[in-house]
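Shown next, in structure tokens, is the structure this report addresses.
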Amino acid sequence: MITDARPLQPEFVPADVRHRDGEIDALTSTLAPILDGNHADPALLYGPSGTGKTCIARYAVDKLRSEVVNLHTQYVNCWEDYTRFKTLFRVLEGLNRSFDVHRQSTPRDELLDKLRNAIDTAYVVVLDEVDQLEETTVLYDLWRTPGLSLVLIANEEKELFAELEGRVTSRFKTAIRISFDCYGTNELIGILEDRVRWGLHQDAITDDQLRWIADASAGDARVAIGILRAAAQEADQRGLEQVTDEVVREAAPEAKAEIQRKNVEKLTTDQRILYDIIRDQGSVSPDDLYERYSGEVDDPKSNRMVRNYLKKMRRYNLVTATGKGRARMYSAVE
DNA sequence: CCTCCACTGGAAGATCGGGAAG
DNA sequence: CTTCCCGATCTTCCAGTGGAGG
């Protein structure tokens with residue numbers, strides 16, 4: 001069934017990206033000054049998830065690297081590296097200079113100094129999920145670093161700039177904005193057909209089944225590819241030659257549950273207990289939640305810390321909050 | 001309307017753990 | 001070994017918000 005698992009992975013970047021010619025051109029021409037050894041304005045890619053922002057950024061940067069001899073590039077996911085320190089560390093890592101920072105206790109701002117000294121050639125840094133950064137001053141720091149070009153990726157342009165400080169916002173006025181819209185059903189089918197051709201046996205899945213997956217994905221290519229992967233894996237496990245309709249229909253919730261499971265695994269013990277209480281109760285008020293939590297744990301964290309945990313769980317889309325003020329209720333996402 | 005107060009999240013300082021310097 | 005310094009985590013304090021209930 002599966003001949004090559006790589007095209008079914010979320011981070012796979014195809015050699016030839018579909019349905020995004022305009023966006024690729026826009027990003028390529030923004031980065032073009034680097035070809036002549038000049039500084040490129042920052043690019044800001046925004047749009048809903050699964051619309052190819054990350055893919056295009058990687059594709060354009062890879063292409064640039066094949067055309068420029070001395071070019072460093074780095075991809076940083078700000079969801080994972082959400083502090084100033086971690087982001088700077090990753091950026092330094094892209095220059096292979098993190099070895100002289102393997103200690104945590106470097107003097108304040110030494111990372112930025114090291115970075116500015118270490119840049120000797122053009123350096124393109126992609127900051128993905130940049131709206132998840134908790135210390136946005138790092139954007140200002142990177143912006144002011146000579147020789148460094150930024151590609152920023154976010155979901156909502158408005159939300160991003162609402163978070164940023166004034167001085168950062170004004171700096172990014174000149175940024176080239178490239179917006180991404182959801183894929184249509186036929187576009188998604190085209191993307192899935194490619195992945196099938198590269199990763200599965202011929203005739204493993206029918207056109208109708210691909211259409212069903214595309215419809216179930218609501219324009220999100222990541223979801224679509226996830227469902228395809230889950231279906232192929234399940235069919236593989238059952239020793240089937242072809243994917244059946246039943247397998248495809250079961251794969252959709254399975255692909256979503258997979259993401260959920262991975263996120264729950266990232267929670268700490270206290271966070272996990274809170275999550276379990278919310279899930280068991282169905283819907284619970286903040287006061288009631290903290291009451292139950294304190295009763296269940298020997299050494300409960302403060303109420304304020306629990307609110308931080310809840311914020312994190314909302315970011316992971318494990319928990320939703322409804323109602324404002326005293327009407328606030330928390331419930332688990334199914 | 002108005003007041004009350006449960007809830008939120010920012011700010012500032014304490015504490016923890018780990019690595020480095022003395 | 002101790003001491004110092006860092007980031008990360010956590011607590012304490014508090015101002016702002018907006019439903020609930022007069």
Side-chain angles (χ1 to χ4, degrees), chain A residues 74 76-94 97-118 127 129-142 155-156 158-169 263-275 277-279 281-333:
Chain A
Q74 177 69 319
V76 182
N77 189 327
C78 299
W79 180 290
E80 287 156 18
D81 301 313
Y82 54 89
T83 66
R84 180 187 138 89
F85 180 86
K86 283 180 178 173
T87 301
L88 284 177
F89 187 88
R90 285 271 176 244
V91 172
L92 212 47
E93 196 178 54
R97 293 305 185 88
S98 57
F99 56 83
D100 34 293
V101 212
H102 36 57
R103 55 185 179 156
Q104 209 176 32
S105 55
T106 40
R108 208 176 251 299
D109 278 338
E110 193 182 318
L111 285 191
L112 193 56
D113 291 341
K114 271 197 198 308
L115 173 65
R116 287 179 175 162
N117 291 330
L127 295 180
E129 312 209 44
V130 71
D131 41 351
Q132 298 296 333
L133 267 181
E134 288 184 4
E135 294 161 284
T136 51
T137 53
V138 69
L139 291 179
Y140 184 74
D141 296 333
L142 292 175
N155 284 329
E156 279 282 346
K158 275 184 209 156
E159 279 178 30
L160 172 62
F161 285 107
E163 293 289 320
L164 300 185
E165 291 175 42
R167 62 172 184 173
V168 184
T169 309
N263 284 337
V264 171
E265 280 170 16
K266 288 179 192 164
L267 299 179
T268 65
T269 310
D270 287 277
Q271 292 162 1
R272 181 64 189 271
I273 289 165
L274 283 164
Y275 175 71
I277 292 171
I278 295 168
R279 205 191 41 202
Q281 295 297 310
S283 186
V284 60
S285 72
D287 193 46
D288 194 13
L289 174 62
Y290 190 71
E291 200 70 22
R292 289 174 187 277
Y293 161 74
S294 322
E296 228 171 279
V297 185
D298 289 339
D299 189 15
K301 301 285 193 287
S302 68
N303 203 324
R304 181 68 185 87
M305 201 56 209
V306 165
R307 291 206 289 279
N308 284 342
Y309 291 159
L310 287 168
K311 184 186 178 190
K312 181 181 170 186
M313 284 189 271
R314 267 190 288 168
R315 266 188 18 178
Y316 281 115
N317 202 27
L318 291 170
V319 165
T320 53
T322 55
K324 294 204 165 183
R326 311 169 66 152
R328 174 74 92 190
M329 294 296 271
Y330 288 101
S331 47
V333 175

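Lettering of chains follows the sequences in order, A, B, ..., and the numbering in each one begins at 1.
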Across nucleotides 11-22 of chain C, 5' to 3', mark each nucleotide with B, S or - according to how protein heavy atoms within less than 4.0 Å reach it. BBB----BBS--

Less than 4.0 angstrom between a side-chain N/O of Tyr330(A) and OP1 or OP2 of dT8(B), yes or no? yes

Looking at Lys324(A), I want to see if its NZ is surrounded by more than 12 non-hydrogen atoms of other residues, nucleotides or ligands under 6.0 Å. no

Please report the distance, rounded to the nearest Å, between CD in Glu134(A) and P in dC10(C). 13 Å

Salt bridge (Lys or Arg N to Asp or Glu O under 4.0 Å): pairs with one or both residues in residues 284-293 of chain A, sequence neighbours excluded: Asp288(A)-Arg292(A)

Among dG9(B), dT9(C), dG7(C), which nucleotide has an atom closest to any side-chain atom of Tyr82(A)? dT9(C)

Gln271(A) CD to dA8(C) P: how many Å, rounded? 16 Å

To the nearest angstrom, how far is Lys312(A) atom NZ from dA8(C) atom C1'? 12 Å

Please determine whether a side-chain nitrogen or oxygen atom of Tyr309(A) lies at a distance below 4.0 Å from atom OP1 or OP2 of dC10(C). yes

Is there side-chain contact between Leu88(A) and Thr83(A), with at least one heavy-atom pair below 4.5 Å? no

Provide, to the nearest angstrom, the distance between the CE atom belonging to Met313(A) and the C1' atom belonging to dT8(B). 15 Å

Arg328(A) atom CZ is separated from dA6(B) atom C1', nearest whole Å, by 11 Å

Which residues share a salt bridge (Lys or Arg N to Asp or Glu O under 4.0 Å) with Lys301(A), sequence neighbours left out: Asp270(A)

Listing request: all ring-ring contact (aromatic ring centres under 6.0 Å, His included) pairs with a residue in residues 287-306 of chain A, at least two apart in sequence or in separate chains. Tyr290(A)-Tyr293(A)

For the pair made of CE in Met329(A) and P in dT8(B), what is the distance, rounded to whole Å? 12 Å

Sorted by chain and residue number, the ring-ring contact (aromatic ring centres under 6.0 Å, His included) partners of Tyr275(A) (sequence neighbours excluded) come out as none

Between dC6(C) (P) and Leu111(A) (CG): distance, integer Å: 12 Å

In whole angstrom, give the distance that lies between atom CG of Asp81(A) and atom P of dA8(C). 10 Å

Pairing residues for Arg279(A) by the salt bridge (Lys or Arg N to Asp or Glu O under 4.0 Å) criterion, not counting sequence neighbours: Asp276(A)

